[in-house]
Amino acid sequence: MKILVAVKRVADYNVKVRAKSDNTGPDLANVKMAINPFCEIAVEEAVRLKEKGIATEIIVVSIGAQAAQEQVRTALALGADRGILITTDTDLESLAVAKCLKAVCDNESPDIVLLGKQAIDGDNNHTGQMLGALTGWAQATFASELTIDGDSATVIREVDAGLQTIQIKLPAIVTADLRLNEPRYASLPNIMKAKKKTIDSTTPADLGVDVAPRTTLLKAEPPAERKAGIKVEDVAQLVDKLKNEAKVIS
Amino acid sequence: MALSTFTSWFDQPLSAQYYSEDHEAWRRALRRFVDKEISPFVEEWEEAGTFPRELYKKAADIGLLQLGYPEEYGGVPKPDPFFDIVTCMELARAGGGGVHPSLNSHSIGMPPILAMGTEEMKARVVPAVISGEKISALAVTEPTGGSDVANLKTTARRDGDHYIVNGSKTYITSGIRADYYTVAVRTGEEGRKGISLLLIEKETPGFTQTELKKMGWWCSDTATLYFDDCRVPVENLIGVENKGFSGIMLNFNSERLGIIAFATGLAMVCMDEAVAWARERVTFGHRLMEHQVIRHKIAEMAKRILTSQAMMERTALQMHQGEVPVIELSLLKVHATETMEYCAREALQILGGMGYMRGNKVERIYREVRVYAIGGGSEEIMRDLAARQLGL
């Protein structure tokens with residue numbers, strides 16, 4: 001069984017991102033970058049499937065600037081077998097990413113595509129679903145448990161009402177939620193070994209994908225600073241303030 | 001990469017001039033490890049005066065203990081000294097405490113064995129230590145002298161196929177928990193030509209330890225060791241009899257680079273903490289950061305840290321290129337610990353009363369300044385060594 005995992009290069013979750021002074025976007029100069037945490041969970045899940053003997057090959061793919069090779073390399077150190085880097089300097093929209101991944105799916109014919117449910121930079125939560133639509137494959141988003149059984153998979157999804165269990169036919173798209181697993185650390189010996197694994201480079205144009213943006217970013221600015229809160233004396237005062245000042249209850 | 005708007009020293013990418021993608025990858029892995037397995041517990045471990053022994057195993061799982069050891073013993077050869085810098089910086093980021101000195105005590109205990117020990121000894125000891133099963137310590141300093149290694153007084157007298165060891169060692173890191181002690185003893189004439197190194201094992205009859213309480217590094221086990229007619233098999237001689245002095249000296253360059261990196265990392269933590277506080281704290285209607293006196297303190301910290309960092313990387317490159325930059329390392333060690341001292345002082349001033357309270361990184365680092373300024377070669381010895389090497 002072949003697994004394709006997509007990883008995105010994002011600002012490290014510990015970094016406080018600031019808007020550029022000219023408001024043209026977030027200031028990512030000199031900022032520490034990392035694999036999107038949800039993508040890392042997807043990689044971990046693939047590695048666990050391989051350790052269980054279910055998966056035979058894990059291919060990791062990333063799309064973005066040449067620097068995204070670092071994140072592919074990290075995924076290789078975590079246990080992926082080979083990498084694909086689709087390089088472009090265009091700021092990609094979700095649909096462009098999904099189309100690139102669709103092209104990779106056509107070339108590689110994976111049985112499962114594992115993605116993070118969303119990336120912590122745009123927080124769009126688009127790509128998995130769009131890839132599902134483009135490929136016509138089954139999709140199971142927000143997975144908190146994944147069990148493979150022959151040519152189908154049982155997935156427990158985290159939905160607003162609680163947990164939902166669904167069964168899907170393979171090939172399928174699965175997006176990882178936070179509780180799917182706890183990713184391991186890349187160990188030093190594996191970091192060294194990852195250097196010998198291959199990363200194939202390609203471009204959206206080579207894959208026949210038009211990545212030109214369809215939307216325009218007008219302005220990026222930091223959220224307004226919140227005013228300090230107040231302490232209420234008792235419940236009566238709380239109810240009064242909610243009713244008459246905040247007007248959130250009546 | 002040039003500094004710009006400051007958030008944290010540790011958010012800066014590593015300079016492409018010295019570091020590669022591999023260093024970044026190791027840095028990321030280590031950061032996650034430290035954030036999950038060390039940082040949340042440092043305070044608790046410090047107050048308890050110890051940390052769980054299983055941390056050695058966990059550190060071995062990610063390769064931390066194996067860095068710099070041959071593959072045949074389960075190690076990961078170190079491509080260059082910049083891996084040491086990354087390792088020390090990431091561990092320093094947890095804000096000091098005694099975790100690292102104990103966890104890493106094999107970095108001074110093992111090199112003499114690797115360089116001079118027999119094949120049998122290496123095969124028995126090294127894999128067990130770098131897999132986290134056994135702990136290694138180095139024992140050189142004695143109650144009667146530390147820096148003056150050549151005059152050590154612990155004796156080892158040959159008796160058949162054993163040495164009989166008598167004497168004591170003190171300020172020994174991992175001195176309570178270590179299983180293997182690399183011990184400097186006198187087997188011959190006075191001075192440096194009569195010194196040998198012995199591997200002494202924990203269970204040896206006549207070998208006892210008492211724990212020492214310290215100004216800082218509370219969760220690190222530090223001890224005085226007593227050898228009372230300890231019988232040590234001659235097979236445990238490390239290298240050649242009376243040629244142990246050079247084995248002790250083997251450690252110094254890499255140990256000093258480690259101390260320099262650690263001191264610089266701790267100085268960075270102090271500045272990070274000071275900046276975060278000064279940006280938040282409001283006094284006299286202004287944020288602390290708006291007061292010129294505070295801004296200048298922080299700019300001065302940055303100035304000194306940048307100097308330590310630049311010199312450290314330059315010196316590491318010299319080492320990587322096969323040079324032995326003794327003068328640079330000695331003087332840089334002094335500079336790096338003075339920088340740490342300055343940053344701890346000024347950061348604590350900026351934090352004010354809160355900084356004096358236990359449970360914050362700066363308070364802890366402030367108490368650890370001296371161990372970096374004294375351990376691994378005191379400031380006085382370092383300056384003197386440099387002066388001698390300069391032919392002054």
Side-chain angles (χ1 to χ4, degrees), chain A residues 7 9-21 26-37 39-41 43-44 62 65-80 83 85 182-197 199 222 225 228, chain B residues 1-16 19-39 58-69 71 74-79 83-84 86-87 90 93 130-131 272 275-276 279-280 282:
Chain A
V7 297
R9 175 183 170 88
V10 297
D12 186 273
Y13 70 94
N14 278 313
V15 172
K16 256 192 194 164
V17 176
R18 291 156 193 273
K20 280 187 199 160
S21 50
D27 187 359
L28 296 178
N30 277 1
V31 162
K32 203 166 111 37
M33 305 296 279
I35 292 190
N36 172 43
C39 300
E40 205 168 4
I41 295 171
V43 173
E44 175 67 30
S62 191
Q66 182 62 35
Q69 185 180 322
E70 263 175 45
Q71 280 62 45
V72 174
R73 204 58 86 182
T74 304
L76 295 175
L78 290 169
L85 180 64
E182 203 176 316
R184 70 195 64 195
Y185 315 113
S187 73
L188 184 62
N190 288 338
I191 290 170
M192 297 301 187
K193 277 180 214 150
K195 290 198 298 192
K196 298 188 185 106
K197 297 181 180 176
I199 298 178
E225 281 201 33
Chain B
M1 208 175 283
L3 277 181
S4 61
T5 313
F6 187 84
T7 50
S8 160
W9 285 102
F10 298 93
D11 287 346
Q12 308 286 330
L14 299 170
S15 156
Y19 303 88
S20 70
E21 213 178 82
D22 300 338
H23 298 100
E24 282 284 6
W26 175 229
R27 187 189 193 211
R28 280 194 299 273
L30 206 47
R31 178 158 305 190
R32 287 206 28 206
F33 172 77
V34 170
D35 279 349
K36 183 145 173 281
E37 306 288 354
I38 297 180
S39 297
K58 288 182 177 174
D61 285 344
I62 65 151
L64 178 57
L65 304 187
Q66 292 94 321
L67 180 61
Y69 293 85
E71 270 173 351
V76 181
K78 182 168 55 193
F83 275 91
D84 289 326
V86 168
T87 305
E90 287 305 309
R93 190 176 148 268
I130 64 176
S131 62
D272 273 10
V275 168
R279 279 183 171 151
E280 196 177 292
V282 177

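Below, chains carry the letters A, B, ... as their sequence lines are ordered, and counting in each starts from 1.
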Would you mind checking which part of Phe10(B) comes under 4.5 Å of any heavy atom in chain A, side chain (CB onward), backbone (N, CA, C, O), both or neither?
-> backbone
Between Leu64(B) and chain A, which part of the residue has a heavy atom less than 4.5 Å away: side chain, backbone, both or neither?
-> neither
Is any side-chain N of the basic residue among Glu24(B) and Arg73(A) closer than 4.0 Å to the acidic one's carboxylate O?
-> no
Glu182(A) with Lys36(B): basic N within carboxylate O range, under 4.0 Å = yes
Locate the shortest heavy-atom distance separating [X] from [Y]; write the atom from each residue and the value.
| X | Y | answer |
| --- | --- | --- |
| Pro183(A) | Arg32(B) | O-NH2, 3.1 Å |
| Leu188(A) | Gly63(B) | CD2-O, 3.7 Å |
| Met192(A) | Val76(B) | CG-CG1, 3.9 Å |

List the steps and the verdict of side-chain contact (heavy atoms from CB on, under 4.5 Å) for Lys32(A) and Arg28(B).
-> CA-CA 10 Å; Lys32(A) 203 166 111 37; Arg28(B) 280 194 299 273; 4.0 Å; yes
Test item: Arg18(A) side-chain N/O and Thr5(B) main-chain N/O as donor-acceptor pair under 3.5 Å = no
Do Asp35(B) and Asn14(A) have side chains that get closer than 4.5 Å, going by heavy atoms?
-> yes
Going from CZ on Arg27(B) to CD1 on Ile191(A), what distance comes out if it is rounded to the nearest 0.5 angstrom?
-> 13.0 Å
How many angstroms lie between atom CE of Met33(A) and atom CG of Asp11(B), to the nearest 0.5 angstrom?
-> 12.0 Å
side-chain contact (heavy atoms from CB on, under 4.5 Å) between Arg31(B) and Asp12(A): does it pass, once the steps are laid out?
-> CA-CA 11 Å; Arg31(B) 178 158 305 190; Asp12(A) 186 273; 5.7 Å; no
Do you know which of Glu37(B), Glu71(B), Gln66(B) has the most heavy-atom pairs with chain A at a distance under 4.5 angstrom?
-> Glu37(B)
Given a strict heavy-atom distance threshold of 4.5 Å, which part of Arg184(A) is in contact with chain B: side chain, backbone, both, or neither?
-> backbone
Structural part of Ala77(A) lying under 4.5 Å from a heavy atom of chain B | neither
Residues in salt bridge (Lys or Arg N to Asp or Glu O under 4.0 Å) with Lys197(A), at least two apart?
-> none
With Asp61(B) via salt bridge (Lys or Arg N to Asp or Glu O under 4.0 Å) - residues at least two apart | none
